Every structure is written in C-alpha cells, then in structure tokens.
Amino acid sequence: MDRKKHSIASNLRFWIRYYLKNEPGIFWISILDILLQPCFFMLALYFPKVTLALIEEQAAPERLTLVLAVYTLLFLTAKGISRGMSAFNDMALNKERQNVVFKTFLKSLRIGYAYTESEEGRNDFRKAVEVQNRGSGSASSQFAFIIRGLAGTVLTFVLYSTVLGTLNIWMVFILLGLAYMGYLLDIRENRFQNSLRHEEAVTEKHFFYMKTAMGNASAAKDIRIFGMRGWLRERMNKVTAAREKLERRRAVWIWKNGFLGRILNLVRDLGAYAYLIYMASAGDMTVSDFVLYFSAITGFSGFIREMASGLAGLQQASEDTEWVRGYLEMPEEDISIGSRHVSELARPISIEFRDVSFSYVSGESRTEIFSHLNLQIGAGEKLALVGANGAGKTTLVKLLCGFYEPEEGAIYLNGINAREFPKAERYSLFSVVFQEMFFPPVRVDESIALQEAESVDQDRLQEALKKAKMWDVLQEKGIAMDQYMGNLKKGGIELSGGQNQRLLLARALYQDGAVLVLDEPTAALDPIAESQVYDAYQEYSHGKTSVFISHRLASTGFSDRIVLLDHGKIAEMGSHGELMEKNGLYAEMFRIQSSYYQENVDEEHQ
C-alpha cells in the first residue's frame, strides 16, 4: 500500500473526527481534564505556602482550619473528578480500540480481494490490527492519553513559569537550560533503545518460539521418541542467555545515563536551594515563599521533561496511526456497479475465458500465471481441472468468481462480459467449496448457511446436509442445529477434517448457485467417503455448470471433460478415455498415481 504520510496535527484531527463521530464523550471529557490538570497542580503548589503563611501570621485556629478544609475539599474534589473522568475515558477508549480493529476487519472485506490476499495486503492488515491490539498502548488510546497529558502539562508549565517569573526571570532560563540537557539525555536513551530494537526482536522471537514449542502438547510425542529433551534444554539455555545478556547491557547503559540525569537534578536542586536560602537570609523571602518557589522549581523541570517525553510519544503514536489510517482510508471496491443483472442469465450458464492474462504482483516482482488463456465451459457441463500444485487451478476459479480481474481479455457468462454484472450479484451465481475451511463460532445452522438463524430455511438446510452425507452423522452424534461450532462456547462441537469438508459441501448446496465449484472437496476424506461424495456429485450437479478441481486424477472420470493445466497453460483437454489414448502428460500422471495405489494394495495383500 502506498501510504500517504500525514503530519502529527493531521493525525490528531483524524482521531478528533473519529471520536466526535463515534464516542463524543472521549473528546469532551478530555477537554475538561486538560483544563482541570493545571487547577490540580496549582492547588498542590499553593497548599503548603498558604498553610505556612497562616502559621507565620499566627492566624486564629478557626481560620486556619477553615482554609485548610476548603483547600482539602477543593483538592479532593478535583482529584475525584479527574479519576472519574479517567475511568470513563479508559473504558470508552478500550471500547473504541476494539471498534477500530473491527472496522479494520470490515474494511478488508470492502477492498479489492486481490490486494487483501496479497502479501502486501496481509502485512498492511496485520500491522493495522497489531498497533491497535496493545491495550492502553494502542494507536487510538495513546493519541488520546498523550494529547490529554501534554496539553495539561503545557498549561501547567505556563502557570509555573509565571510563578517563577515573579522571583527571577533568569531563573526560568537557567531551569530551561538544565531541563533541555535532561531532554538530551532522554533522547540519547531513546536512540539507544531504538538501536536494540532489531536485536531485541530477534531474541524475543527465538525465546517465544522455543517457549511455545516446548509447551506444545502435540510435539510431546516427537520429543520423547527422538530424545530431544537434552537438545531442547541446551537450545533454550542459549536463547535465555542471549536474552539475559541483552537485558544486562540495557540495564547498565540506562543506569549510567540515569546517573548523569541525577547529577543534573542535584545541580538544579543545590542551585535552587542556594539561591532561595540566600534570598531568605537576606530577608527578601518568607518561609512560605521559600516552599512555594522551591516546589515550583522542582515541578518546572519535571514538566519540561514530561513535555519532551510527550512529544516523543506523540511522534510514535502518529507513526502507528499511519498504519490504521492508511488502511481505513484505502479506496473501496464498489461491488454494486454494473449495467446488467444476473437475473437475465438463462440457466445453466455457459462460461468462456477469452484471451485472459493474469499475474500476481508483489512489490516490484511479478509472477505470470496466465497468458492469453482461452477456455470454454458449456452450459451444464461438468468440467474437471487437474494439474500439479501451482498450475493455476485455484487462480482460474478466483478469476471466474470475480475475486480477481483479468489484466487482459475477459470472462463471459452466456456470452456477456462478466464485468457488466455487479459483483454482488455475480458472487450469488456460485456455490463454492474452497480449500480453506471457514466456520464462524456461531450456531451450526448459521455456520453452514452463513445467515442468522431466523433467516435459515431449515428444510433446505436438511436437504443439503443429506446430499453432503452429513445429516446422519450429525444425528448420530446428537448434534443439534442450535449448538455452536468450535470451543468458544460450552458444549461447542468440533468435527474431523473430512466431516468439516462435507459441511462446506452442504453450504455450497444450500447456496444453490447456478455454477457449482469444488476446489479439492475430498482432500481430507478417506477413499470410501470420497467415493460416496463422487456418487452423489452426479445427482446434485444436475442442471448446473460445474467446475471440479482435484489433484487426484482417479476422481475425474465422471466429468464430461478434463482440462490439464501446466504452468498456466492448457496442456491437454478431453475425456478421461481420450486423454489416456493420447498417452501424454495426463496419462503419465494417472499411471504414476495408479501405480502408487496399486503398490499399497499389493502390500496389504502380502
């Protein structure tokens, strides 16, 4: 993704607009908190001075008690309001942090599929989610926290400067200079920390990989069988030693840098003491003023360093925001555009790939898959696509369904360019079983139909499950349609790989699209179950144009036609018998696979 670089001010406006639209309370409470912070600090600053001044004046106990009570009440009120607002903001910010992650996911569904599936798209999505999955350290939360703290600190700093200015204006400049030196030490430490980032990332990656691997129950068998305990212990010790060495190096460096910072603070405090004691001894300053100014000097330097730290944190929060904002502001694919409607298409549908070219693009690299491919699939024809891994079978299906667009040429449905149909309608034409399994953790009927329970046609769903040979399985296991998939909820169900694939097949049959596409539908099935699916395939593909992808050539015999793809080109095409008579690549691959199965049968009979 070519991300536009935004300024900190621009990213601040981005979050302000977001919060005003989605959770205005965060914005307005932050404004109140910014105004309240200086009040809180000024009360804390003047409380000792007022108390000592009253004592110096030998004020009546009643007056002293009243003033102290008022100050205490104001202080506690300000503190209570501040904590209450912080609690609300923390809760609201956490909610919005999760909402931003959800919006990012929804955005990925509205961006062109080719980009979201690409390595670049996956990395951009992962980074946009990762910077939001840091709890209070997320991009959205950090911007709010830092701006709120920074703005309040700036206002307080101005008030403290006014107080010190009444003492000696040069004192302000001297303190600014010392604070700037402290800021340089902070910058120096940040640079050191950044210099360790790569080494730290590698060390942490190795540590957590070993930690995860050693705690993986599925690896316990291999560890025992191959006697890996000693070797793993040695590897873990090396990783741990490298991690500890890095931490010791970090701790020593930070201590040395912190020591210089403590010297600066000592110089500041001794200088302030000396000047204030001189003023007091000369009779130019009361004890209460001494306490006031010394507290102001100490707080003044702290505020400068807080502002410097806040600016550095704001820069990092802005950089993190670039990932979120860049993803959320990406142009979306309009799947409603089209001059024709699929309702115009007579069933079954004919398909034609006419002079289609397509390549995968990743950064500067380009991998050509198809170059001027031509293929016709007759209305109601059952076509099998076979070939080695990487031949282009799944890519062809994704082009057919509209997930990818040809770089050259076009795909025609009943002789009409598929681009003329809105993609939202075009998707509805296809009932597809993909290689990847997707079962959301919802009710069984919802997970199959991908609809809310109230919208599911239970009779139609039952029929689809029966055709996919899963209805009886669910009945035998006592699995009801209102149970939940996965282990997210108590009593959730988990099925075998083959059973899950049959559920995917039931989903495709429930969809009842005009074109049935099965992408390796029996990869996880045993031979008997595979045979059952193929027998039923003839029945539920009747009246539909069907595209069947498989690497098992023995499963293609029932197809009307077989297309063998090799490196993105149609190497051979015909029925199983015709291709065997041709004695080409298909026949060679079929004999190799058949000999493998025959060898297994022979071994079993020996």
Side-chain angles (χ1 to χ4, degrees), residues 94-95 97-99 101-110 129 133 217-218 335 401 424-425 427-526 528-537 539-544 546:
N94 185 58
K95 184 190 76 171
R97 174 181 65 82
Q98 296 169 344
N99 284 343
V101 172
F102 187 59
K103 288 177 183 291
T104 304
F105 167 71
L106 293 179
K107 182 71 175 186
S108 71
L109 302 180
R110 299 192 296 267
V129 171
N133 273 340
S218 63
I335 61 175
C401 293
E425 295 186 20
Y427 293 152
S428 68
L429 291 174
F430 301 95
S431 292
V432 189
V433 176
F434 292 110
Q435 294 182 38
E436 303 85 1
M437 295 186 183
F438 170 62
F439 290 106
V442 293
R443 289 167 45 126
V444 173
D445 51 2
E446 292 176 328
S447 191
I448 298 173
L450 296 181
Q451 298 173 335
E452 291 184 334
E454 296 76 14
S455 303
V456 177
D457 185 333
Q458 295 294 336
D459 292 336
R460 181 172 152 198
L461 178 64
Q462 181 177 336
E463 183 65 23
L465 286 167
K466 287 180 177 178
K467 288 182 177 180
K469 309 298 182 185
M470 271 302 291
W471 178 255
D472 291 340
V473 173
L474 296 178
Q475 295 302 301
E476 290 171 7
K477 290 179 174 289
I479 296 174
M481 292 295 102
D482 60 355
Q483 286 183 252
Y484 278 72
M485 298 290 293
N487 55 13
L488 194 62
K489 281 199 172 188
K490 185 178 180 180
I493 66 166
E494 293 189 15
L495 301 170
S496 68
Q499 290 168 341
N500 281 329
Q501 268 190 314
R502 292 194 199 180
L503 284 187
L504 291 178
L505 188 57
R507 178 185 293 167
L509 297 174
Y510 182 87
Q511 175 75 9
D512 196 28
V515 180
L516 182 62
V517 180
L518 305 180
D519 189 354
E520 301 282 6
T522 59
L525 299 184
D526 58 66
I528 295 176
E530 181 182 35
S531 176
Q532 291 174 344
V533 171
Y534 291 150
D535 290 341
Y537 180 72
E539 175 186 348
Y540 52 67
S541 63
H542 179 70
K544 298 179 184 293
S546 305

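Predicted, not measured: the structure shown is a model, and the values here were computed from it. Numbers here are sequence positions counted from 1. Just so you know, these numbers use all the heavy atoms, side chains as well, and skip hydrogens, waters and symmetry mates.
- A salt bridge (Lys or Arg N to Asp or Glu O under 4.0 Å) check over residues 472-483, counting only residues at least two apart or in different chains, returns nothing.
- More than 12 heavy-atom neighbours from other residues, nucleotides or ligands sit within 6.0 angstrom of CD on Q458.
- At a threshold of 4.5 Å between non-hydrogen side-chain atoms, the residues P440 and L450 count as touching.
- The residue from E463, Q451, R460 that alone fulfils the side chain to side chain donor-acceptor pair (under 3.5 Å) condition with Y510 is Q451.
- Atoms CD and CG, from Q462 and D445 in turn, are 12.0 Å apart once rounded to the nearest 0.5 Å.
- With rounding to the nearest 0.5 Å, the separation of CE in M481 from CZ in R443 is 9.0 Å.
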Test side-chain contact (heavy atoms from CB on, under 4.5 Å) applied to N94 and Q98, step by step: CA-CA 6 Å; N94 185 58; Q98 296 169 344; 3.8 Å; yes

Taking it one step at a time, do L465 and L509 satisfy side-chain contact (heavy atoms from CB on, under 4.5 Å)? CA-CA 8 Å; L465 286 167; L509 297 174; over 6 Å; no

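- To the nearest 0.5 angstrom, T104 atom OG1 is 9.5 Å from N133 atom CG.
- When every heavy atom of A464 is checked against every heavy atom of A506, the shortest pair comes out as CB-O, 3.4 Å.
- A distance of 11.5 Å separates CD1 of I479 from CH2 of W471, quoted to the nearest 0.5 Å.
- Distance check: L505 CG to L516 CG gives 7.5 Å after rounding to the nearest 0.5 Å.
- Atom NZ of K544 is separated from atom CG of D512 by 3.5 Å, given to the nearest 0.5 angstrom.
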Please determine whether side-chain contact (heavy atoms from CB on, under 4.5 Å) holds for the pair V444 and M485, giving the CA-CA distance in whole Å, both sets of side-chain angles, and the decisive distance to 0.1 Å. CA-CA 6 Å; V444 173; M485 298 290 293; 3.9 Å; yes

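- Within the 4.5 Å cutoff, no side-chain heavy atoms of L495 are placed close to those of V473.
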Go through it in stages, so that I can follow the logic: the residues are L504 and F439, the test is side-chain contact (heavy atoms from CB on, under 4.5 Å), and I'd like the CA-CA distance, side-chain angles, deciding distance and then a yes or no. CA-CA 9 Å; L504 291 178; F439 290 106; 3.7 Å; yes

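- For the pair R507 (side chain) and S447 (backbone), a donor-acceptor distance under 3.5 Å is present.
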